[in-house]
Amino acid sequence: MKFDKILSFITAGALLSACAGCSSKKNAESSEVDPLALKASPQSITFDWQEPFETILIAFKNSDRYTDTSMFEIRDLTGDETPELIISPSDDVAAKCEVYKLIGTRADLITNSGSYGTIDYIPEMNAIGFLYEGTGFKMGEYQTYQDGSFVTDVNFYTNADSASSGAVIRYEVNGEDVTLTKFQEALLPYQDSFTVKVGRKFSLGTDAVNYAIRRSKCWPQVLTDDQKQLYKDKLNEILSSQELKDAAFEIVDLDLNELPEVVVSTGLLNDSEARILYLDTEGVKELSVTSDADGGIQFDVSSKIFFAADYYGSIQCWSMAGADISSFQPSDSTVRCGREYDLTAENIENAFLS
C-alpha cells in the first residue's frame with residue numbers, strides 16, 4: 001500500500017485547536033462535580049471471558065496458523081450478552097474464521113465458517129454464514145446458534161451464472177437439487193436481513209490485543225449516566241436530522257485517556273465521512289474527518305493516531321492525543337472502527353447499556 005500523507009493546513013489547524021481545547025477541558029479541575037469524571041476506570045472493569053480469550057489469541061499467534069494478515073474480533077454472535085472471539089487467519093479466499101465461546105472458564109472452538117477471513121453475521125437471527133462467488137457459480141452456508149453450538153441450517157450452490165456458456169443450470173440446497181423457487185425461498189430469510197461482516201477488526205499486535213481485551217467492551221460501565229445521555233442525545237439528533245444510508249457508530253477511546261469518543265460513520269458511499277464525537281465541559285463537540293474506503297476509520301493504538309485510507313492507498317491521519325503525524329506508518333496494532341453498530345434508535349440505547 002502506498003502511504004501518502006495528506007493533511008491540509010486548514011484541517012490540521014482546526015484539529016489541533018479542537019484537540020488542545022479537548023485536552024485542557026478533559027483535565028479541568030473544579031470545586032463542582034466534574035462532568036468529565038468517569039464512573040470507573042477501564043482497568044477496574046473485568047469480564048470472565050478476558051483471560052480465556054487472551055490465552056487463545058496468544059496461542060494462535062504462536063501457531064503455524066498465524067499470518068501477517070491475521071486479525072480478530074470480539075462480538076456477541078449468540079445473543080446471550082457474552083461475546084464470542086472470532087479469529088480470522090488471513091484474508092485469503094479459502095480462509096475460514098474460527099469462533100470461540102466461553103464455556104465455564106474456558107474458551108472452546110464452536111464453529112469454523114466464512115470466506116476471505118470474514119463471516120456474515122445476521123444479528124436478528126443470531127445467524128452466521130458466507131456467500132462465495134466464483135467464476136460462473138455461487139456457494140455458501142448459513143448457521144444458527146442452537147443448544148450451545150452453531151448448526152448448519154442451509155448450505156447452497158448454484159451455477160446459474162454459467163447459463164451463457166450453455167451449462168446445465170443447477171440449484172442445490174442441503175445437498176439436494178431444487179427448483180429456482182425453492183432455492184430462493186431457502187435463502188430469502190438470511191439474505192433479506194441486515195448483515196454485518198465480522199472477523200477482521202483488530203490486528204494481533206500486543207497493544208491492539210490489550211485494547212481489545214481490556215478496553216473495547218467496558219465503556220458502558222466506565223461512562224456516567226449523564227455522559228451516556230449526552231452521547232445518546234447527539235446520536236439521536238444525527239439519526240433524525242439527515243437521511244443517512246448504511247450509517248453506523250462505535251464507542252472508541254482515540255486518545256487512550258480513558259474518556260472515550262464516539263465515531264459515527266455516515267455511510268459506505270464515496271462521499272461518506274466519519275464524525276468524531278467527544279465530551280468537554282460544555283457537552284458534546286464534533287470533528288468531521290475523511291472516512292476509510294469501508295466507511296469507518298482505523299486507529300493505531302501504539303501511536304495514538306487514527307487514519308483513513310482511500311481506494312488508491314493514500315491516507316490522511318489525525319491525532320486526538322497530539323501525536324506527531326508527520327512520519328506516520330501504521331504499526332502492528334491497529335483497530336478498524338466506526339461501524340460496530342448500525343445507527344438505529346434501538347442500537348443507540350443498547351450500545352450504552354451496562
Shortest non-hydrogen contact from [X] toward [Y]:
| X | Y | result |
| --- | --- | --- |
| Thr334 | Ser331 | CG2-O, 3.8 Å |
| Phe352 | Leu223 | CE2-CD1, 4.1 Å |
| Cys97 | Ile86 | CB-CG2, 3.7 Å |
| Ser88 | Gly199 | CB-O, 3.4 Å |
| Thr67 | Ser90 | OG1-CB, 3.7 Å |
| Ala351 | Ile251 | O-CD1, 3.7 Å |

Hey, what do you get for [atom1] ([X]) to [atom2] ([Y]), rounding to the nearest 0.5 Å?
| X | Y | atom1 | atom2 | answer |
| --- | --- | --- | --- | --- |
| Gln143 | Ile122 | CD | CD1 | 11.0 Å |
| Ile128 | Tyr121 | CD1 | OH | 10.0 Å |
| Leu235 | Lys232 | CG | NZ | 10.0 Å |
| Lys96 | Thr111 | NZ | OG1 | 8.0 Å |
| Arg170 | Ser162 | CZ | OG | 11.0 Å |
| Thr266 | Arg275 | OG1 | CZ | 7.5 Å |

Ignoring hydrogens and geometry, is there a side-chain-to-backbone donor-acceptor pair from [X] to [Y] under 3.5 Å?
| X | Y | value |
| --- | --- | --- |
| Asp310 | Ser314 | yes |
| Thr344 | Asn347 | yes |
| Ser265 | Gly295 | yes |
| Lys217 | Ile74 | yes |
| Asn174 | Asn155 | yes |
| Asn257 | Leu259 | yes |
| Thr118 | Ser115 | yes |
| Thr158 | Tyr171 | no |
| Asn159 | Phe137 | no |
| Asp300 | Ser303 | yes |

Under 4.5 Å between side-chain heavy atoms, counting indirect links through other Ile/Leu/Val/Met/Phe/Trp/Tyr residues: same cluster for [X] and [Y] or not?
| X | Y | value |
| --- | --- | --- |
| Phe60 | Leu102 | yes |
| Leu256 | Ile45 | yes |
| Trp219 | Leu343 | yes |
| Met139 | Leu131 | no |
| Phe249 | Tyr278 | yes |

Exercise. Between Thr224 and Asp226, is any side-chain donor less than 3.5 angstrom from a side-chain acceptor?
Worked result: no
For this session: Examine the side chains of Asp324 and Ser326 and answer whether a donor and an acceptor come within less than 3.5 Å of each other.
Result: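 Yes, a side-chain donor-acceptor pair sits under 3.5 Å.
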For this session: For Asn210 and Val301, run side-chain contact (heavy atoms from CB on, under 4.5 Å): C-alpha distance rounded to whole Å, both residues' side-chain angles, the deciding distance at 0.1 Å, then the answer.
Result: CA-CA 10 Å; Asn210 184 62; Val301 184; over 6 Å; no
Problem set entry | Asp153, Thr152, Asn126 screened by side-chain hydrogen bond (donor to acceptor under 3.5 Å, both in side chains) with Thr144, the one that passes |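 Filter result, single survivor: Asp153.
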More than 12 foreign heavy atoms under 6.0 Å from [atom1] of [X]: is that the case here?
| X | atom1 | answer |
| --- | --- | --- |
| Asp48 | CG | no |
| Lys138 | NZ | no |
| Asp68 | CG | no |
| Arg65 | CZ | yes |

For this session: Classify the ring geometry between Phe183 and Phe156 as parallel (under 30°), tilted (30 to 60°) or perpendicular (over 60°).
Result: perpendicular
Residues [X] and [Y] bridged, charged N to O under 4.0 Å:
| X | Y | result |
| --- | --- | --- |
| Glu176 | Lys182 | no |
| Asp294 | Arg200 | no |
| Glu73 | Arg336 | no |
| Arg214 | Glu54 | yes |

Given side chains that start at C-beta, do those of [X] and [Y] come closer than 4.5 Å, heavy atoms only?
| X | Y | value |
| --- | --- | --- |
| Asp253 | Glu261 | yes |
| Val263 | Leu254 | yes |
| Val289 | Gln316 | no |
| Phe307 | Ile325 | no |
| Leu85 | Trp49 | no |
| Val252 | Ile297 | no |
| Pro330 | Gln298 | no |
| Thr82 | Phe47 | no |

For this session: Begin with the C-alpha distance, continue with both residues' side-chain angles, and end with the deciding distance and a verdict on side-chain contact (heavy atoms from CB on, under 4.5 Å) for Cys337 and Lys201.
Result: CA-CA 7 Å; Cys337 50; Lys201 183 172 183 61; 4.2 Å; yes
Problem set entry | Check against side-chain contact (heavy atoms from CB on, under 4.5 Å), Lys39 and Gln227 | CA-CA 10 Å; Lys39 184 167 65 175; Gln227 291 164 345; over 6 Å; no
For this session: Dump the intermediate steps for side-chain hydrogen bond (donor to acceptor under 3.5 Å, both in side chains) on Asp233 and Gln229, then the final yes or no.
Result: CA-CA 6 Å; Asp233 288 346; Gln229 192 61 53; 2.8 Å; yes
Exercise. Does the ring centre of Phe306 sit less than 6.0 Å away from the ring centre of Phe299?
Worked result: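 No.
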For this session: May I have the step-by-step check of side-chain hydrogen bond (donor to acceptor under 3.5 Å, both in side chains) for Asp120 and Thr195, ending in yes or no?
Result: CA-CA 6 Å; Asp120 293 334; Thr195 301; over 6 Å; no
For this session: Show your working on side-chain contact (heavy atoms from CB on, under 4.5 Å) between Val196 and Arg75 and close with a plain yes or no.
Result: CA-CA 11 Å; Val196 183; Arg75 180 187 279 261; 4.1 Å; yes
